[in-house]
Amino acid sequence: MKNRILLVIALVFVFKLNAQETIITSGEDRRVITTGVPFLLIASDARAAGMGDMGVATSVDAYSQQWNSSKYAFSESKSGLAVSYTPYLSKLVNDIFLGNVTYFNRLDEKSAFGASLRYFSLGDIEFVENETDTPRIQKPSELSLDISYALRLADQFSMSVAMRYLRSDLRIQGVDGDSSAANTFGVDISGYYQSEEEAYKDFNGRWRMGFAIQNLGPKFKYDDAGLDNFQPTTLRLGAGFDFIFDDYNKVSITAEVAKLLVPTPPVYGYVDLDGDENQDSDEPTTIIEGKDPDVNFLSGVFQSFGDAPGGFSEELKEFTWSLGAEYLYQDSFALRAGYFNESEEKGARKFLAMGAGFKYNVINVDLSYLFSASKIQSPLENTLRFSLTFNIGAGEYNEY
């Protein structure tokens, strides 16, 4: 993502008393994990954004395709169509945005399918070699196209598999004539549990839980000589509870944690053969702490749980967490709030979010707004996100 992360770089000198060779390490206090196609991690719908970028265990809505498509098997609407628009870096430019179109259809009591298209545009980029040349306009962009199938395995539990095609066209032809768009595919596996409504002393309640492994797929690159890029493979776990006070008032509380299943950058160094404290072409690079990240995507998933140079404490810092709440009145008006937290050493994304939703007949309108709580400014700070949903056959499936 385009977070402006300030990397604090410290040079640590470790002397090896062997044949007068010196191992010089260059360690980073902030080992931020980077991946290709990071736009997949941006919340594209206003409801999820208004609760702190969460959705794996919230109640089903049309945008469940991005977070946990197995929720579609619990939809009370027969089908739905949704569109959303998210400005990006709106303080600097007005033509960078993330757009989303999603459709789902509940096939019967036990199954449903969904499909979505996400498009991330980086706007127009103008290139000139000298002041007399006619400018050349480039329009780098990325997109994903996916389809999912959800199956209800029990009355309260469903699972889903989603297939995703990814295209990243970010290389600039005017700079690199050999560049081309990168193409790859990914898979999501998810599950969702929603309990029966239970009676408590002063209210009724319902539990929700969900998990998802997203963007599981091969690495990709833009040319034969380029570096391999990991997809943003992500593990999401969440749980929530609905406080149902009466037929008109409901409050939902949800918590979620997430972790990138991508290798952590190690601490690199090199053998300083001549003692000049500069790496020459004949002085090999070595890994001082951590593990080699040059592995296939599946090995990277398992390696990501134990490869942080700082050990278990650093692994814990690679988890992000969010808390969100939603108040719903008469199933027609909603107020939302949320908080998202990421370690200072792993990206430092921290923000508060607020949102609202309105329903009129079969149309839902959702809005959200983000307030950064970090020293590092968010590219989505003070951005109003907008989502529109058309529910078709609302109430056709009555779960309770």
Side-chain angles (χ1 to χ4, degrees), residues 1-3 5 30-45 48-49 52-56 63 65-69 86 88 98 100 116-120 122 140-146 148 161-170 181-190 211-222 226-238 256-265 293-305 307-308 315 317-322 340-343 345-349 378-380:
M1 299 173 69
K2 288 191 174 181
N3 292 325
I5 303 173
R30 297 185 177 184
R31 282 180 285 271
V32 180
I33 300 174
T34 59
T35 69
V37 289
F39 80 99
L40 294 175
L41 300 175
I42 304 173
S44 62
D45 65 289
D53 283 17
M54 65 163 56
V56 74
Y63 294 98
Q65 184 81 347
Q66 177 178 353
W67 305 99
N68 186 344
S69 56
T86 300
Y88 202 78
L98 173 65
N100 181 303
S116 72
L117 169 67
R118 272 178 283 176
Y119 179 78
F120 184 58
L122 276 77
S141 63
E142 296 180 302
L143 66 83
S144 70
L145 179 64
D146 48 44
S148 67
V161 175
M163 292 289 295
R164 176 172 298 108
Y165 165 72
L166 295 165
R167 177 180 174 84
S168 179
D169 191 9
L170 298 183
N183 299 272
T184 188
F185 68 91
V187 176
D188 292 357
I189 302 171
S190 60
F211 75 89
I213 300 175
Q214 300 177 306
N215 309 309
L216 184 64
K219 298 191 288 184
F220 63 94
K221 53 187 175 182
Y222 294 91
L227 297 175
D228 286 324
N229 298 274
F230 281 97
Q231 295 185 40
T233 306
T234 306
L235 170 66
R236 298 185 185 276
L237 302 170
E256 181 177 316
V257 296
K259 185 186 188 302
L260 280 172
L261 303 184
V262 176
T264 304
D294 187 17
V295 295
N296 63 54
F297 77 95
L298 195 55
S299 297
V301 169
F302 294 100
Q303 180 174 308
S304 67
F305 289 100
D307 63 349
E315 291 290 348
K317 293 176 182 178
E318 294 180 356
F319 282 85
T320 64
W321 58 267
S322 53
F340 179 93
N341 183 85
E342 182 177 55
S343 169
E345 299 175 13
K346 296 297 178 177
R349 290 177 297 162
S378 168
L380 292 167

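The basis for the numbers below is simple: all heavy atoms, side chains too, and nothing from hydrogens, waters or symmetry mates. All values reported here derive from a predicted model rather than from experimental measurement.
- Taking both residues in full, the closest heavy atoms of T86 and A43 are given as OG1-O, 4.1 Å, listed atom of the first, atom of the second, then distance.
- Expressed to the nearest 0.5 Å, how far OG1 of T234 lies from CH2 of W67 amounts to 9.5 Å.
- The backbone N or O of Q66 lies less than 3.5 Å from a partner atom in the side chain of Q214, making a donor-acceptor pair.
- Between the OH atom of Y119 and the CD atom of E142 there is a distance of 10.0 Å, given to the nearest 0.5 Å.
- For the pair E315 (side chain) and A308 (backbone), a donor-acceptor distance under 3.5 Å is present.
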Could you walk me through whether S141 and D169 satisfy the side-chain hydrogen bond (donor to acceptor under 3.5 Å, both in side chains) test, starting with their C-alpha distance in whole Å, then the side-chain angles of each, then the deciding distance to 0.1 Å, before giving a yes or no?
CA-CA 5 Å; S141 63; D169 191 9; 5.2 Å; no
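- Distance check, rounded to the nearest 0.5 Å: OG of S69 to CD1 of I189 gives 10.5 Å.
- Here the side chain of E256 pairs a donor or acceptor atom with the backbone of G55 at under 3.5 angstrom.
- Expressed to the nearest 0.5 Å, how far CZ of R236 lies from CD1 of I213 amounts to 12.5 Å.
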With side chain to side chain contact (heavy atoms under 4.5 Å, CB included) as the test, would you mind laying out the steps for L40 and S144 before giving the verdict?
CA-CA 8 Å; L40 294 175; S144 70; 3.8 Å; yes
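- Heavy atoms only, all atoms of each residue included: N296 and L298 are closest at OD1-N, 3.1 Å.
- Exactly one of D294, V262, N229 qualifies for a side chain to side chain contact (heavy atoms under 4.5 Å, CB included) with K219. That residue is D294.
- F340 places a side-chain heavy atom less than 4.5 Å from the side chain of R349.
- The closest side-chain heavy-atom distance from L98 to S44 is below 4.5 Å.
- Remark: side-chain polar atoms of N215 are paired, donor with acceptor, to backbone N or O of P232 under 3.5 angstrom.
- Under the 4.5 Å side-chain criterion, counting only non-hydrogen atoms from C-beta, S148 is not in contact with D188.
- Atoms OG1 and CG, on T184 and L166 in that order, are 6.5 Å from each other to the nearest 0.5 Å.
- Residues F39 and Y88 keep their aromatic ring centres 6.0 Å or farther apart.
- N100 places none of its side-chain heavy atoms less than 4.5 Å from the side chain of D45.
- Side chain of Q231 to backbone of P218: a donor-acceptor contact under 3.5 angstrom is found.
- The environment of OH in Y165 is crowded: more than 12 heavy-atom neighbours from other residues, nucleotides or ligands sit within 6.0 Å.
- In this structure, the side chains of F230 and T34 stay at 4.5 Å or more apart for every pair of heavy atoms.
- A side chain to side chain donor-acceptor pair (under 3.5 Å) with T264 holds for exactly one of Q303, E318, K346; it is E318.
- Proximity of D146 to R118: side-chain heavy atoms (C-beta onward) are separated by under 4.5 Å at one or more points.
- Taking CE of M54 as the start and OG1 of T320 as the end, the distance is 10.0 Å to the nearest 0.5 Å.
- For the residue pair N68 / S190, a side-chain donor-acceptor distance below 3.5 Å is found, with atom types taken as modelled.
- Heavy atoms only, all atoms of each residue included: D307 and P263 are closest at OD2-CA, 3.1 Å.
- Taking the side chain as every heavy atom from C-beta outward, F319 and S343 never approach each other to under 4.5 Å.
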